[in-house]
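Here the structure comes first, spelled out in structure tokens, and everything after it is commentary.
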Amino acid sequence: MRSKQTPEVGLVLTILDQAYDHPSWHGTNLRGSIRRVSLEQAAWRPGPQRHNIWETMVHAAYWKYTAWRRLTGTKRGSFPLVGSNWFRRPEEMTERAWRSDTELLERMHVLLREAVGQLSTGDLHATPRGSKVSNFALLSGVAAHDLYHAGQIQLLKRLSAGR
């Protein structure tokens, strides 16, 4: 890892940011999809055993954490919530709990950006031992994951409005 950002790393950061919270041509990004979501919308489920907006948002935070962990070599188990992948939400139906989880998403994005900013071009193209994909594939996948779930959240908002 290095401290001077390369143009390639800058492009990856741009892609991550556009998928998360910067304007781009594709429309609503992940952060935009949860903007102005009410507590009731966040917790609404389209059916039994289906994920809600809140769970989808925390799931996205978890995978940002997982990518960060893979880039930094941090051991498993350091995510602030107990469990992995999907987390049952809400545990507590309060604005404070919702805000706490939206802040978790933000923290995980910032941590990931910081780790990416330290990569060299070589690091970006490397496939770490034990991984099947390069760091670039991992990071472009994080951006695609954010946009995929942003679309799901947009759909869940529309469905919840018609209930």
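Nothing here was measured: the structure is a model prediction, and the numbers come from that model.
- Checking side-chain atoms of Lys157 against main-chain N and O of Gln152 turns up no donor-acceptor pair under 3.5 Å.
- For the atom pair NE2 of His22 and CG of Leu13, the computed distance is 9.5 Å after rounding to the nearest 0.5 Å.
- To the nearest 0.5 Å, atom CZ of residue Arg99 and atom CD of residue Glu95 are 7.0 Å apart.
- Within 6.0 Å of the OH atom in Tyr62, the count of heavy atoms belonging to other residues, nucleotides or ligands exceeds 12.
- For Val142 against Ala67, the heavy-atom pair with the smallest separation is CG2-CB, 3.7 Å.
- One side chain, Thr6 or Thr121, offers a donor N or O that lies under 3.5 Å from an acceptor on the other.
- Considering CG of Leu139 and CG of Leu124, their distance stands at 6.5 Å, rounded to 0.5 Å.
- Tyr65 places no side-chain N or O within donor-acceptor distance of the main-chain N or O of Pro80, the cut-off being under 3.5 Å.
- Side-chain contact check for Leu71 versus Leu112: some heavy-atom pair is nearer than 4.5 Å.
- Arg50 places no side-chain N or O within donor-acceptor distance of the main-chain N or O of Arg45, the cut-off being under 3.5 Å.
- When side chains are defined from C-beta on, Leu11 does not count as touching Phe136, because their heavy atoms never get closer than 4.5 Å.
- Of all the heavy atoms in Ala126 and Pro128, the pair that sits closest is O-CD, 3.5 Å.
- Taking hydrophobic clusters as Ile, Leu, Val, Met, Phe, Trp and Tyr residues chained together by side-chain heavy-atom distances below 4.5 Å, Ile53 does not share a cluster with Leu147.
- No side-chain donor-acceptor contact under 3.5 Å links Glu106 and His109.
- In this structure the side chain of Asn52 reaches within 4.5 angstrom of the side chain of Pro90, judged on heavy atoms.
- Under a hydrophobic clustering in which Ile, Leu, Val, Met, Phe, Trp and Tyr are joined whenever their side-chain heavy atoms come within less than 4.5 Å, directly or via other members, Val58 and Tyr148 fall into different clusters.
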Check the pair Thr14, Gln18 against side-chain contact (heavy atoms from CB on, under 4.5 Å), reporting the backbone distance first and the verdict last.
-> CA-CA 6 Å; Thr14 297; Gln18 286 179 348; 3.8 Å; yes

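- Using a 4.5 Å heavy-atom cutoff, the side chains of Gln41 and Ser160 are in contact.
- A pairwise comparison of heavy atoms in Glu55 and Trp86 identifies O-CZ3, 3.6 Å as the closest pair.
- For the pair Leu81 and Arg89, the minimum side-chain heavy-atom distance is below 4.5 Å.
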Verdict with supporting geometry, Leu105 and Ile34, side-chain contact (heavy atoms from CB on, under 4.5 Å) | CA-CA 11 Å; Leu105 175 65; Ile34 61 170; 4.0 Å; yes

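- Smallest separation of non-hydrogen atoms from Leu119 and Val9: O-CG2, 3.3 Å.
- Residues Leu16 and Arg113 fail the side-chain proximity criterion, which asks for heavy atoms closer than 4.5 Å.
- For the residue pair Trp63 and Asn85, a side-chain donor N or O sits within less than 3.5 Å of a side-chain acceptor on the partner.
- Val37 and Leu159 fall within a single hydrophobic cluster, where Ile, Leu, Val, Met, Phe, Trp and Tyr are joined by side-chain heavy atoms under 4.5 Å apart, directly or via other members.
- With a 4.5 Å cut-off on side-chain heavy atoms, Ser24 and Asn29 do not count as touching.
- Between His59 and His51, the distance separating the two ring centers is not shorter than 6.0 angstrom.
- Remark: Thr66 OG1 to His145 NE2 distance equals 9.5 Å, nearest 0.5 Å.
- Met57 and Leu155 fall within a single hydrophobic cluster, where Ile, Leu, Val, Met, Phe, Trp and Tyr are joined by side-chain heavy atoms under 4.5 Å apart, directly or via other members.
- Using a 4.0 Å cut-off between a side-chain N of Lys or Arg and a carboxylate O of Asp or Glu, Lys64 and Asp146 qualify as a salt bridge.
- Leu138 and Ile15 are not part of a single hydrophobic cluster, where members link through side-chain heavy atoms under 4.5 Å apart.
- No side-chain heavy atom of Trp68 sits less than 4.5 Å from a side-chain heavy atom of Phe79.
- Interatomic distance, CH2 of Trp54 versus CE of Met93, reported as 6.5 Å (0.5 Å rounding).
- When only modelled atom types and interatomic distance are considered, Ser120 and Asp123 share a side-chain donor-acceptor pair under 3.5 Å.
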Would you sort out whether Asn135 and Val116 count as a side-chain contact (heavy atoms from CB on, under 4.5 Å), showing the intermediate values?
-> CA-CA 9 Å; Asn135 288 326; Val116 171; over 6 Å; no

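- Of the inter-residue distances, the one linking Arg31 atom CZ with Asp21 atom CG reads 8.0 Å to the nearest 0.5 angstrom.
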